[in-house]
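The structure appears right after this line, and notes come after that.
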Number of protein chains: 2
Amino acid sequence: MGRWQPDAQGRFVRAALELFAEHGFEATTVAEIAARAGLTERTFFRYYTDKREVLFDGQDMFADALVSGIREAPADAAPVDAVAAALVSVGELFPPERHAFARTRQRAIEANPALGERELGKLAASAAAMAQALRDRGVAEPTASLAAELGMVALRVAFARWTAGDGERTLTELMTEALAELRATAA
Amino acid sequence: MGRWQPDAQGRFVRAALELFAEHGFEATTVAEIAARAGLTERTFFRYYTDKREVLFDGQDMFADALVSGIREAPADAAPVDAVAAALVSVGELFPPERHAFARTRQRAIEANPALGERELGKLAASAAAMAQALRDRGVAEPTASLAAELGMVALRVAFARWTAGDGERTLTELMTEALAELRATAA
DNA sequence: GTCTATAGTGCGATAGAC
DNA sequence: GTCTATCGCACTATAGAC
């Protein structure tokens, strides 16, 4: 047992989440997060480019799931249906066990505008990745980008409902429902 | 020393835009912006809570136009049509004379992720204001929020096209077109 | 690991407008 | 005189350079 306890990133994330819940994002210093994680400030910035980024650790999986969901959709599926498949693929990343964590994290993000902005940026990047995956299937612009944007709206709305609720309904269910509502509103 | 020269904010905005175009957002210090504007760093932070905010000066008009566009839409208009009216109302804020400025500003924002995040945050706030205006007309949830989100997607896409182009087509035109494309994609 | 530039804040002083 | 925009100074925390 050396001087390295395992799972440095996991400890940073948990420490940050606890402290943000206790004192708020701005009132929490990186030094405090590092201390609680049993690491140094310098190490924190080795893993994360800035203080906000610690709440977005491992979010690549998010965009990856969207992209592979689109890739694996039937070749003859319409763009919006491929997007619907992508949402299902993301839903599988968030089984009921992750509900409590997601809820705490979402509370922290909603409590602070700076974190909200970062989240919007990440989601916009995911939408861009989805649009690219659609173009790779032969979907032309502007349809590819617009279908991806529709998917992101549904995803955001569904995620907010999922984390606001008690977890009875699955995220996948809520996403499919949100997309249907969105299409009805547009019609 | 013109300590009392008029239009402090306008000078800050122009100075910032010039410097961001010349050296980029991150390589520009607030001290440099203040110096070019003939003011001090401390005064900059009297007007803006942070460095990014200078590029979003006077953007309340944006959300205000959306809200009043919805208020002034015919009482029997469907939610999406009220949103379409809101977009027209915003389009009127951006006559051809503003194209060059909008283009320069958009270039700066697109060149820096931090500025992009801030823009997304502002647009999300505008969408929330639109949704509230729709609820005030008696539109129920989730339709109000979803219609507002549809409008924001159209607005973003249209604005990107407008600032990417040469200004031949009006922003209003592009917005109406983008909303129609979006509805077609959803159908 | 250490050092430093810069963002951003609090408080108080000052210079002008009225 | 009052009111308010601007400025000066001291300070902390972030983030990057060395």
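Proteins come first, then strands; the chains are lettered A, B, ... in the order of their sequence lines, and each starts at number 1. Computed over heavy atoms, backbone and side chain alike; hydrogens, waters and symmetry mates excluded.
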E41(B) has an atom CD; how far is it from atom P of dC7(D), in whole Å?
12 Å
Any side-chain N or O of T29(A) under 4.0 Å from OP1/OP2 of dA13(D)?
no
Between atom CG in L19(A) and atom P in dA13(D), what is the gap in whole Å?
14 Å
Can you give me the closest heavy-atom contact between L115(B) and A108(B), atom names plus distance?
CD1-O, 3.6 Å
Which is true for A8(B) with a 4.0 Å heavy-atom rule: it touches a base, it touches only sugar-phosphate, or it touches nothing?
sugar-phosphate
Which one of V139(B), L146(B), V83(B) satisfies the side chain to side chain contact (heavy atoms under 4.5 Å, CB included) criterion with T185(A)?
L146(B)
Applying ring-ring contact (aromatic ring centres under 6.0 Å, His included) as the test, list every pair that has at least one member in residues 95-151 of chain A; sequence neighbours left out.
H99(A)-W162(A)
Over all strands shown, is T28(B) touching base, sugar-phosphate only, or nothing at heavy-atom distances under 4.0 angstrom?
sugar-phosphate
Kindly list each side-chain donor-acceptor pair under 3.5 angstrom involving residues 57-77 of chain B, sequence neighbours excluded, with atom names and distances?
unit_1 : atom_1 : unit_2 : atom_2 : d
D57(B) : OD2    : Y48(B) : OH     : 2.5
S68(B) : OG     : D64(B) : O      : 3.2
S68(B) : OG     : A65(B) : O      : 3.3

In terms of heavy-atom contacts, M130(A) and A148(A) come closest through CE-O, 3.6 Å
Closest nucleotide of DNA chain D for T43(B) versus for E26(A): which of these residues is on the 5' side?
T43(B)
Provide, to the nearest angstrom, the distance between the CZ atom belonging to R118(B) and the C1' atom belonging to dA7(C).
13 Å
Could you give the CZ-to-C1' distance, from F45(B) to dT12(D), as a whole number of Å?
14 Å
Going by heavy atoms closer than 4.0 Å, what residues in residues 48-56 of chain B are next to DNA chain C?
T49(B), D50(B), K51(B)
Nucleotide nearest T40(B) when distance is taken to its side chain, options dA5(D), dC7(D), dA7(C)
dC7(D)
Y47(B) has an atom OH; how far is it from atom P of dT9(C), in whole Å?
16 Å
Salt bridge check: are E173(B) and R161(B) linked by an N-O gap of less than 4.0 Å?
no
Nearest-neighbour nucleotide for the R42(B) side chain, dC11(C), dA5(D), dT14(D) considered:
dC11(C)
Nearest whole angstrom, please: distance from the P of dA13(D) to the CD of E32(A).
8 Å
Within this structure, what is the CZ-to-P distance between F44(A) and dG16(D), rounded to whole angstrom?
12 Å
Nucleotide of dG8(C), dT6(C), dA5(D) approaching W4(B) most closely (side-chain heavy atoms)
dA5(D)
So that I can tick it off, tell me whether E53(B) and K122(B) are bridged by a salt bridge, with the cut-off set at under 4.0 angstrom between side-chain N and carboxylate O.
yes
